[in-house]
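Here is the structure we will look at.
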Amino acid sequence: MTIQWFPGHMAKARREITEKLKLIDVVFELVDARVPLASRNPMIDEITAGKPRLLLLNKADMADPEVTRLWVEYFQGKGLPVLVLNSKTGQGINKIEAAAKELVKEKFDKMKAKGIIKPRAVRALILGIPNVGKSTLINRMAGKNIAVTGDKPGVTKKQQWIKVGSSLELLDTPGILWPKFEDQSIGLKLAVTGAIKETLLDFSEIVLFALNYYKDHYPERLQERYNLEDIPDEAIQLFDAIGKKRGCLMSGGFIDYEKTAEIVLRDIRAEKLGRLSYERPDQV
Ligand SMILES: Nc1nc2c(ncn2[C@@H]2O[C@H](COP(=O)(O)OP(=O)(O)OP(=O)(O)O)[C@@H](O)[C@H]2O)c(=O)[nH]1
């Protein structure tokens, strides 16, 4: 699902999240491990209004593990607890419950000491921009697929809690945040990782962006995949070289950029270039 965000949509999303926040103790902020900054909402601090937050780097199976390790250090250094996940297989999700308990421990202990609350489960909400894996994670944590009953006329969907382990309850609907489109590179990062539909942007532009990044950070992967002897300095020459190797030629011997872009994008989606990250903490 790709949502076109207009100010009205953002205001509505924000209202819905504010309502949900009243019910919960902790926020699980889900981002794409390959682009942990571009897939964050710029107003997350303000929106979550001081609720304790656990950052979840999802789709880590597709990200460069070394870069993910640097991101974990980066966020921890900023005092933000962070876990690395693969929601598809469930890897890492067994650590969420303990991390959530830790986040509310002080508050719960105080409330218990004052006799305000009896011991109860920690209540949590998953927040994130479209396509970061919110539903996949909720289904995984629920341990079974939950029938989606919302968005149908005449069906009223009540908020439901999903019990996770012995001490965690998760709201069954996530909060959907909008991505930031502050600069074009964010849009390109989101397009290359599939968070926004590539049809919204020019195909070749996305691939040019990706090739430029690989040229600087993963040249050996390009050499291997496309059988290139060396990597040219300019991404456009790289485009040419790949097009030639893949026989994407038009009459007159010109490179068919569209076809080349399609091949490269298909390779990226099929993870033929391996595990890749598109942001690094040392470039923030
Ligand atoms: N490889 C991999 N794919 C994942 C992971 N988590 C989710 N996905 C895939 O990412 C895509 C989007 O997942 P969803 O769970 O629909 O994402 P969402 O955040 O609920 O998306 P919206 O409904 O658009 O807000 C699906 O194709 C999932 O299979 C993960 O950890 N690893």
Side-chain angles (χ1 to χ4, degrees), residues 1-6 9-10 29-44 57-64 66-68 70-71 74 128-134 176-222 225-226 228 231-243 246 248 255-284:
M1 171 177 56
T2 302
I3 306 168
Q4 289 271 32
W5 292 96
F6 297 108
H9 294 137
M10 294 182 192
E29 182 194 357
L30 200 61
V31 296
D32 187 318
R34 296 167 295 171
V35 282
L37 296 185
S39 61
R40 282 188 112 181
N41 178 285
M43 290 158 73
I44 186 76
L57 304 181
N58 195 34
K59 306 197 184 184
D61 53 303
M62 291 196 275
D64 180 335
E66 175 53 21
V67 177
T68 302
L70 295 174
W71 278 119
Y74 171 87
I129 68 164
N131 211 45
V132 284
K134 299 180 294 300
I176 304 176
L177 292 165
W178 55 97
K180 52 183 169 188
F181 292 110
E182 282 158 3
D183 66 62
Q184 216 215 355
S185 83
I186 293 174
L188 289 165
K189 285 174 189 173
L190 294 176
V192 84
T193 53
I196 56 172
K197 278 213 178 89
E198 54 243 17
T199 47
L200 292 175
L201 284 161
D202 181 46
F203 239 53
S204 340
E205 213 180 333
I206 301 169
V207 171
L208 204 56
F209 162 78
L211 290 180
N212 219 353
Y213 197 83
Y214 303 155
K215 178 175 74 60
D216 294 341
H217 299 280
Y218 303 104
E220 70 294 344
R221 310 267 187 104
L222 288 171
R225 176 75 196 159
Y226 300 108
L228 304 171
I231 299 291
D233 291 338
E234 298 292 329
I236 195 77
Q237 294 166 338
L238 188 53
F239 224 130
D240 273 349
I242 295 172
R246 288 294 148 115
C248 304
I255 302 294
D256 184 338
Y257 285 110
E258 212 167 301
K259 200 166 163 207
T260 312
E262 253 179 62
I263 290 177
V264 176
L265 203 56
R266 213 182 310 133
D267 283 352
I268 297 171
R269 294 273 182 272
E271 293 171 63
K272 297 278 198 248
L273 288 147
R275 298 171 69 176
L276 304 158
S277 296
Y278 296 88
E279 284 178 334
R280 301 174 60 97
D282 56 10
Q283 288 170 345
V284 172

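Only this structure's heavy atoms are used, side chains among them; waters, hydrogens and symmetry mates stay out.
Distance check: Asn131 CG to Asp32 CG gives 8.5 Å after rounding to the nearest 0.5 Å. Note that the NZ atom of Lys59 and the CZ atom of Arg275 stand 14.5 Å from one another [nearest 0.5 Å]. The CD1 atom of Ile263 sits 10.0 Å away from atom CZ of Arg225, with the distance rounded to the nearest 0.5 Å. Rounding to the nearest 0.5 Å gives a distance of 8.0 Å between CD1 of Ile196 and CG of Leu188. Residue Leu37 holds its CG atom at 5.5 Å from NZ of Lys180, rounded to the nearest 0.5 Å. How far CD of Glu234 is from CD1 of Ile236: 9.0 Å, rounded to the nearest 0.5 Å.
Taking 4.5 Å as the limit, some side-chain heavy atom of Trp178 sits within range of a side-chain heavy atom of Met43. By the 4.5 Å heavy-atom criterion applied to side chains, Leu190 and Ile129 are counted as neighbours. Contact of the Arg280 side chain with the Leu70 side chain is registered, since non-hydrogen atoms from C-beta on lie closer than 4.5 Å. Between Leu276 and Arg221, some side-chain heavy-atom pair lies under the 4.5 Å cut-off. Contact of the Ser204 side chain with the Phe239 side chain is registered, since non-hydrogen atoms from C-beta on lie closer than 4.5 Å.
When all heavy atoms of Glu279 and Pro36 are compared, the closest pair comes out as OE1-N, 3.1 Å. Closest of all the heavy-atom pairs between Leu222 and Ile231 is CB-CD1, 3.8 Å. Residues Phe203 and Glu262 approach most closely at CE2-CG, 3.3 Å, considering heavy atoms. Closest of all the heavy-atom pairs between Asn58 and Gly133 is ND2-CA, 3.8 Å. For the pair Leu238 and Lys215, the tightest heavy-atom approach, listed with the atom from each and the gap, is CD2-CB, 4.1 Å. Closest approach of Ala33 to Trp71, counting heavy atoms only: O-CD1, 4.3 Å.
Without hydrogens or angle criteria, Glu29 side chain to Ile44 main chain gives no donor-acceptor distance under 3.5 Å. Put simply, the side chain of Asp267 never gets that close to the backbone of Lys272: no donor and acceptor are under 3.5 Å apart. The backbone N or O of Ile186 lies less than 3.5 Å from a partner atom in the side chain of Asp183, making a donor-acceptor pair.
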query: Are Tyr226 and Leu273 close enough, and set up right, to give a side-chain contact (heavy atoms from CB on, under 4.5 Å), and what steps lead you there?
result: CA-CA 10 Å; Tyr226 300 108; Leu273 288 147; 4.1 Å; yes
Val31 and Leu57: CA distance, side-chain angles, deciding distance, side-chain contact (heavy atoms from CB on, under 4.5 Å) verdict: CA-CA 5 Å; Val31 296; Leu57 304 181; 3.5 Å; yes
message: Pair Lys189, Phe209 - check side-chain contact (heavy atoms from CB on, under 4.5 Å), show working.
response: CA-CA 8 Å; Lys189 285 174 189 173; Phe209 162 78; 3.5 Å; yes
- request: Give the intermediate values and the outcome of side-chain contact (heavy atoms from CB on, under 4.5 Å) for residues Leu211 and Ile242.
  value: CA-CA 10 Å; Leu211 290 180; Ile242 295 172; 3.8 Å; yes
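Ring geometry for Tyr218 against Tyr214 counts as perpendicular: the plane angle is over 60°, on a 0 to 90° scale with 30° as the lower cut.
Enclosure of atom CG in Asp233 is not indicated, since only 12 or fewer non-hydrogen atoms of other residues, nucleotides or ligands lie within 6.0 angstrom.
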